[in-house]
Amino acid sequence: MSHTPRYRFAPSPTGFFHVGGARTALYNWALAQREGGVFVLRIEDTDESRNSPEWTNGIIDALAWLGIDSSSSQFEGPYFQSDNASKHVAAAHRLYELGHAYWCDLTPEQIQERAKAAGKQGYDGYSRDRGLEPGPGRVLRFRVPEGTTVVRDLVRGDVEFDNTTIEDFVLLRGNGSPMFLLANVVDDIDMNITNVVRAEEHLPNTPKQQLLWQALGHEPPVWAHVPVLVNEQRKKLSKRRDKVALEQYKDEGILAEAMVNYLMTLGWAPHGDTEIVPWSTIVEQFRLEDVNHSPAFFDVKKLQAFNGEYIRALSLPQFINACSPWLMAEDVSWNASQFKPKVFAAVAELIQTRVVMLSEVSTMVDFLFLDAPIVDEQAFTKTFTADFARPMLEHCRDAYATINWTHEDLKAHLDALAEELQVKLGKLQAPLRVAITGRTIGPPLFESLEVLGREQTLRRIDAALLRTV
RNA sequence: GCUCCCAUCGUCUAGUGGCCUAGGACACCACCCUCUCAAGGUGGCGGCACGGGUUCGAAUCCCGUUGGGAGUGCCA
C-alpha cells in the first residue's frame, strides 16, 4: 500500500499538442512535484483512427519542451491504453458476472426509434432484465444502480448526480472492443492512480467512472476538474477554429518558460503582485483548491507580453543563442551565406527590447544581410516628400565618405545638420533610415550604420538619391 | 430538451463577512525619457450581472432571475 500520490496525464494522440492539454499536464506535473508524487503519462490510443506512433513522440517532445522531463524519477510512462485491451475486456466480463452489466442487442437506430416513440432521449434500459447472453453484435451495458452519486471534486466541491439521469452506458462495443470510459477506469485502477486532474469537460462523465470504480471494488480517486480554456467567443478552444497547437507558438518564438508561466496564470495566480514567477515558485504555491471555477480566455496578447518579459530577462549570449534558429531558418529573406553572426551579435542588444517573439527578429535585422534593403514604398514616398530629404542625404553622402565611422560621430554629424536646418533629428533622420533599412522603424539608426559599414551605407544613400530623381 | 458547471475592470486574476473608497497584470489613453520603434518611469480609464434575503455589517453566505459554458455516441 503506497501513499505516494500518483497523478496521470492521459492525452489521446491526435497529431498535435493542444495548449489546453499543456496546461492540464502542467497542473499534474506541478502537483506531482510538490507532493513528491508521480506523473504518469498514458497515451489513450484506443480509437484506431487516432493511433499513430509519431504522435506519441510529439507528445513526449512537447512535454519535454514544457519542462516535463520523461527521464525524471517522478515521471512514469508512456503507457499505451491499447496495450491493456485484454484487461479492459476482462474487467467488463467481471462486471457482467458480478451483475453490474448486461448484454443488449439494440442497434443505435432502434434506440433512437424507441426514444422518439417515448418522447425522451437516449437509451431507456430496455435490455436491463431481458437476461440476454453474449452474442454477435451485442453490446455490454453497465447497470447503473439506484441512488445518487456524489463526486468529491477538489476544485468544485461535492457535485451530486441523480443516478436516474445516468443511462446504462456501453462498456463493450458490438465488436467486443472496450469503450473509453471503461478503459480509462481500468487503467487508472491498474496504475494505482490516486488523483485525476483533468479538464471540466470530463465532469459529466465522472459519475459513470466513479460507479465503475466502485463496481470494480475500489475507492475512487481524488477528482479535480479544472475549467476549460476558451476563445474570445467564450467557446472551448478547438483545433478547427482556434490556434491551439503548442508547436505553432514554439515556432513563432514563444519561449517555453513564458508559455508555462502564462498557462499557469489561467485559472490561477501566484501570490503577490507579480504574475511573472519561476517554475519553482509555482510548484511551491500551486493548489487545486485555489483554481478558479470559470473558463479562462487564452489571450495571445498577454502571452506575448509575458514572452517579451522573458526575452528581456535573457542574458545577451542567451538571447543571441535563442535567436539562432530564426536567423538560420530557410525562410529568411537573405542568402544564408550572407549571414554574419558577428554583425548580429553587435546589434542583438538593441533588438532584444524590441521583440516579443523571436520570429520577429529576422525582419528587424534583414537590412544588415541583404545587398539592398527591402524598401517599403509607402515609407519611402512619405519620408522623401520632406524638402530636406535630398539635401540631407547628399550632405550625408559627402560627409560620411570621410567621417570617423562610429555611431557617435555619425549622429553628431546629423545633429549639427538638424541644428542648421532647424529640424528635429527625429524628423531629419527618417529619409536616411528608409534609405538604409527600407523602413521607418527599426533598431537605433546610427548604431545600425556603424555595423553596416561605410561602403554599404554610401551605396544605399546613392541608390535612394537615384530613386528620387 | 435533459444533466452538470460557472458569474469581480474589455481580458487574466487578488479577495474566503468588517483591513474594499475592491488590489495587481495585459490591453488602451496621456505624460516623461528619446535619432524612429521599443524598453523603462509616472499617471489615467475601467469591474463585484440583476433581484430578494441572512447579518450590526456582504464582492464574500442563502434563494431566485438572467446570462454564459460543458456534456449529452457502439469518439476519446
Side-chain angles (χ1 to χ4, degrees), chain A residues 10-14 44-47 49-50 81 104 106-108 111 119-123 137-141 151 153 155-156 159-162 164-167 169-177 179-181 183-184 199-207 225 227-228 230 232-236 262 265-276 289-290 292-299 301-306 308-309 312 350-356 364 379 383 407 410-411 414-415 418 424-430 432-434 437 439-448:
Chain A
S12 55
T14 50
E44 309 236 311
D45 56 350
T46 332
D47 180 3
S49 63
R50 300 192 182 204
Q81 186 153 79
C104 173
L106 253 33
T107 62
I111 290 170
K120 289 180 180 171
Q121 225 155 46
Y123 169 69
R138 291 183 178 175
V139 301
L140 185 70
R141 287 183 180 276
V151 172
D153 190 291
V155 348
R156 319 226 159 232
V159 184
E160 223 177 281
F161 295 85
D162 186 332
T164 58
T165 66
I166 306 171
E167 70 172 35
F169 53 96
V170 173
L171 262 17
L172 251 32
R173 297 188 183 88
N175 66 7
S177 65
M179 289 283 292
F180 150 76
L181 234 39
N184 193 272
E200 189 190 356
E201 64 210 67
H202 293 283
L203 186 53
N205 274 332
T206 309
H225 290 89
V228 294
V230 298
E232 48 272 86
Q233 278 79 239
R234 302 248 117 215
K235 302 281 188 208
K236 188 173 80 168
Y262 175 65
T265 66
L266 257 24
W268 179 78
H271 309 338
D273 273 350
T274 173
E275 298 176 306
I276 306 284
E289 291 85 343
D290 297 334
N292 240 32
H293 296 183
S294 39
F297 170 49
F298 185 80
D299 186 352
K301 272 267 171 57
K302 189 159 181 179
L303 203 214
Q304 289 175 345
F306 269 54
E309 294 264 4
R312 277 171 256 129
L350 305 173
I351 305 301
Q352 194 170 2
T353 55
R354 290 174 169 76
V355 294
V356 292
M364 200 153 272
T383 50
H407 68 266
L410 288 161
K411 176 169 184 294
L414 266 206
D415 271 335
K424 290 239 180 184
L425 182 58
K427 290 190 73 172
L428 186 64
Q429 56 91 49
L432 178 59
R433 177 182 293 281
V434 174
T437 72
R439 307 186 183 90
T440 53
I441 60 171
L445 182 57
F446 305 106
E447 285 82 349
S448 299

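Each chain gets a letter, A, B and so on, in the order its sequence line appears, and its residues count up from 1.
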Subject >> A/K411, A/H407, A/Q429 screened by side-chain contact (heavy atoms from CB on, under 4.5 Å) with A/L445, the one that passes >> reply: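 Running side-chain contact (heavy atoms from CB on, under 4.5 Å) over A/K411, A/H407, A/Q429 with A/L445 returns exactly one hit, A/Q429.
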Hey, does [X] reach any base, or is it just sugar-phosphate, or nothing, if we go heavy atoms under 4.0 Å?
X	result
A/I351	nothing
A/K235	sugar-phosphate
A/A269	sugar-phosphate

Output all residues satisfying side chain to side chain contact (heavy atoms under 4.5 Å, CB included) with [X], sequence neighbours left out; order by chain, then residue number.
X	answer
A/T107	A/E109, A/Q110
A/I276	A/N261, A/T274, A/F306, A/E309, A/Y310
A/K427	A/F388, A/V423
A/A379	A/D376, A/V434, A/T440

Provide a list of protein-nucleic acid N or O atom pairs under 3.5 angstrom, restricted to nucleotides 44-47 of chain B.
none

Report the residues that fulfil salt bridge (charged side-chain N to carboxylate O under 4.0 Å, His left out) with [X], sequence neighbours left out, ordered by chain and then residue number.
X	value
A/R439	A/D366
A/E232	none
A/E167	none

So which protein N/O to nucleotides 60-66 of chain B N/O distances come out below 3.5 Å?
none

**OP:** Could you run through nucleotides 2-9 of chain B and give me one letter per nucleotide, 5' to 3': B if any protein heavy atom sits under 4.0 Å from the base, S if only the sugar-phosphate is that close, - if neither?
**Re:** -SSSSS--
**OP:** Sugar-phosphate atoms are those with a prime plus P, OP1 and OP2; base atoms are the rest. Using that split, label each nucleotide of nucleotides 19-40 of chain B B, S or - for protein heavy atoms under 4.0 Å, 5' to 3'.
**Re:** -----BBS--------BBBBSS
Subject >> Residues in ring-ring contact (aromatic ring centres under 6.0 Å, His included) contact with A/F446, at least two apart in sequence or another chain >> reply: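 Partners of A/F446 under the ring-ring contact (aromatic ring centres under 6.0 Å, His included) test: none.
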Original post:
What are the two closest non-hydrogen atoms of A/D153 and A/H225, and how far apart are they?
Top reply: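 That closest heavy-atom pairing would be OD2-ND1, 2.7 Å.
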